[in-house]
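Report on the structure given below.
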Amino acid sequence: MATSGASVAEYPVPTEMPPAPEVEGPPAAAGASDHGVVLDIRDLKTYFFTYDGVVRALDGVSLKVRRGETTGLVGETGCGKSVTAFSVTRIIPDPPGRVISGKVMFGKANLLWDLENEAKFIPIKGTNRVKIKRSFRRIRASAERLSSIRGKSIATIFQEPSQAMNPIFSVADQLGEALILHEGTKVIDELLAANPRSPDVGAAIEALVVAAQEGDRDTMRAKAMAVGAAVNLTSFGRQAFYIARAAGADTESIRPSVLRAMKRLRLSGFQRGYLASQRRLIAFHDDLNQVHINEMVEGKSNRAGRRRLARRTSRERMTRFYYGIRGVHARVDKPLKEELFWRVVGLLEGVSIANPVQVARGYPHELSGGMLQRVMIAMSLSAEPAVLLADEPTTALDVTIQAQILELMRDLKTRVGTAIMLITHDLAVIAEVADRVCVMYAGVIVEQGPVHEVFRRPLHPYSQGLLASIPRVDQPNKELSSIPGSVPDLIRPPPGCRFHPRCAYAMPVCKQARPPMTSEGPEHEVACYLYKGPVAPE
Amino acid sequence: MTASGGANIPAAIATPTRRHRPSPRLDQWKRTWHFLRRNGLALFGLAVIFCLIGVAVYALTTPIPWDQLTECYGTNNQVITFHEIGLPVGLAWSVTIQNTTHDNVGTDVNFSLASGPAYAYTVTPPGGFNAKPASGQVAVAETPQTIDIKFSQGVGGVPVSPPAVSSSASSGPLSCTVCTYPTGTPSPGPNCYATPKGLPSLINPTISLSPLVAGPLPFGALTVTPENAYFYNLFNGLLRGSDYSLLISVSIVGVGAMVGLVVGAVSGYWGGVVDETLMRLVDIFLSIPQILFVIIVIAVVTEDYNTVLGLSPLATRVFLLIIGFMVVWWPFYARLVRGQVLVVREQKFVEAARASGASKGRIVLRHIIPNSMYPIFIQMSLDVGTVPLLTAFLVFLGFRIWPYVYFPEWGTISALATQNVLGYLGECATGTCSIPWWQLFFPGLALFLFAISVNFLSDGLRDALDPRLRR
């Protein structure tokens, strides 16, 4: 995002947009163009069935997330921002929560396909309660389908990084697990293709030693990477660099250290057999994921295909188990573990961690919050997902770390092209990184549009209230305004517009019917009776 | 490396040399050992456990050197009756067993034989008669036996039916008298219950086995009530018993914890119907009275089968004891684990694992179970010391694992010793006496050492394995 210096707006607005291919398909209702939409949420409803009654946490949310864009989701606590994100990949605890209806189009796949068959809602006579009759087979099938999307295509970052990591495994273990889960075949293929007996290695190591004697970090890295290129494994180049860096002034120790480290690439036949078995297992898993995705694209269950693959998977698992048991003494999994470690180091370099080797070796409780959040981001981006759901990623961090994390996310957005859905109640964060913003209130979206439009000209009274309640340093004597009242009880939400009890401009019509989404400018939509109604797009 | 400007700071600390190892250090065991090594108590526990394992292996691999040190005489000699059928009145016949011949005229012949071995016998019929069976073997059990001998006249006489062995179950209690004689001398009589000889260098074989002698050494034999009929050489018994004690404790607790871990984790994580079903199952198993259940299992099975799975009779009973305790042991662990899993599964990292596409099995194996293990470690280490006390409790209830068989297990020994000591207390109420305290003290010490070592070790292991507690 370094190129945005030319047009300095009131809020930093990204100038470069992702390439906009003309996409065929139905034109959007409100005239917003459909280019680059990766995630299209339509009329999503998520309810929580509690003892007190049905909590209508999401009541018809529609929004689009575009490739290479950051879509901000703002609102007070309890407005359903996180529920929206969790409903997309359906990691809402069930019971009590359940996605009732709606569509989540991820590319061509409808993630909520088969939703209506998963559970039937039978009203209990004489009460306002319902009985949920679940079909566990279908729920299990849909959970399996979704787990092929989760992490790999749609990643999630959580608010509390320290709690979002398993405390008893090291960072390398956990990131390595994510890597093997999503990129396993690639990792193993590259490891098997490495050639430690390459004739170029000697010369490359000599060049590295010379570079280390000169002491120039960048040359050293380039030469180390050349060592990696010589053995045909990038991660080994990284390892060579860290060996050279750790050697410091003792440059003579680099040569034997690198040669010793190269032992991990000399795989025995048995180790190769184990790795091949592991690779077949992962490949089966990838096939299974593809079957799941095809099911969601075609809207048709392919139970036979799933079963067949699952059988093959379990057979291969037995083979790998055999290799593991037979090879316990030989530590057959060691080469893969070390390879994963150095790949993890590479991932950590990607999120600008200065000492990635120590961090990878460390445990979550040994790292600071900002560091952990970077680790989480590295983990989320290890599979280069199409969508990143960031649920308040900076709330628990202090301001400087916040800025670094946001910078990192913005950088990744442009580099990888990931679409980011950023959930926060911090409007400054939204202004900083978001391209589009959706304002949520009590389970519905009340206003959405480009961030500069919404911030400069907030239309909905709720958006206006939110923006007015930001403390401003340039107006020190101004009384801090706030929106009177609080978010309503979503079990019995107010009829009509849900904001009307707190709205200064409430009209009689507001109590009767929910206001429709109306277009008020380029891609700027608002659900409020104050505005005249649907207008044709230019 | 230059000295820094700061006062009183050693140069090595003040100027860090950037020489960290760039290798990944992935080896969990090395790391665990690194942290365990700093924990003195855990090392102590480890050393004691290694010693015990060594002793147990010795006890398992070395055959018991039987030696006849003590004898019991009494009504454990069983009466064998040879009952004649078909002999005219007034004719004399005789039966010979091991060079002893008993004659009789017209009526039955009785022998009083020590139970245990099988004896060969020969029947000498009166002239002109044939006896069926004319010779055979009789295995002397713990009940009196009657063997029918049918006589027939001449060749081709009255057809005979096959001999029937009938027994009646009217055996009185064994009563033993203790007779002491030094090793090496021949046994004064054939009816001997032997105790195993001790390690030559460790016990003094000339120590009197009389219960009234209170010696300063713990190596004297433990004599309990006459019904026990066995005399435990205390030190030897403790050595010999280490394998049984370790095997019983570790297998019961280990298997119980494993099953409980799986059941608890599945129940806690899956929830719903699975949880309800498993937990009601756990309730059912919890409602079984433990000791009674084990007694019933052993009694019922050994009623019909003296051996199972090709094990020896003693091993069969130990096996049944272990199985019985396993059945009633796992529910406690299942409860414990389930509670822990309910806490762990609500934590964010489980949700994060779910959000990154991990399957249910992977979440349970990688995230839930490793985080729920720590209370189990503690419970296991406490239980390992409890199991021998339960076998002791079985003996208190009067249930011997196999009566009249030398079974040196720490719990059994300490229970017998307690009975003995209590008997002395009764005597002490009336006059002067000395209580053989060592009989109770040393089995107790063995149990205590075992339990405390396991406790120290498991505590140390827990600290070394949990990265949050490492410093």
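Letters go in sequence order (proteins before strands), and every chain restarts at 1.
The shortest side-chain heavy-atom distance between Arg362(B) and Glu177(A) falls under the 4.5 Å cut-off. When side chains are defined from C-beta on, Pro167(A) counts as touching Asn371(B), because their heavy atoms get closer than 4.5 Å. Contact annotation: the side chain of Glu351(B) never approaches that of Gln163(A) to less than 4.5 Å [non-hydrogen atoms, C-beta and beyond]. With a 4.5 Å cut-off on side-chain heavy atoms, Pro364(A) and Phe349(B) do not count as touching. The side-chain heavy atoms of Asn166(A) and Arg366(B), taken from C-beta on, include no pair separated by under 4.5 Å.
Your options are Pro370(B), Gly271(B), Gly357(B), and the one with the most heavy-atom pairs under 4.5 Å with chain A is Gly357(B).
Contact of Phe136(A) with chain B is not made at all, since no heavy-atom distance falls under 4.5 Å. With a 4.5 Å cut-off on non-hydrogen atoms, Leu181(A) touches chain B through its side chain but not through its backbone. Heavy atoms of Ile154(A) lying under 4.5 Å from chain B belong exclusively to its backbone.
What you find for Ala352(B) and Ala164(A) is that their closest heavy atoms are CB-O, 3.5 Å.
His182(A) contributes a side-chain N or O that, together with a main-chain N or O of Ser356(B), makes up a donor-acceptor pair within less than 3.5 Å. A donor-acceptor pair under 3.5 Å links the side-chain atoms of Arg354(B) to the main chain of Ile91(A), judged by distance alone.
No more than 12 heavy atoms of other residues, nucleotides or ligands shown are found within 6.0 angstrom of CD on Glu384(A).
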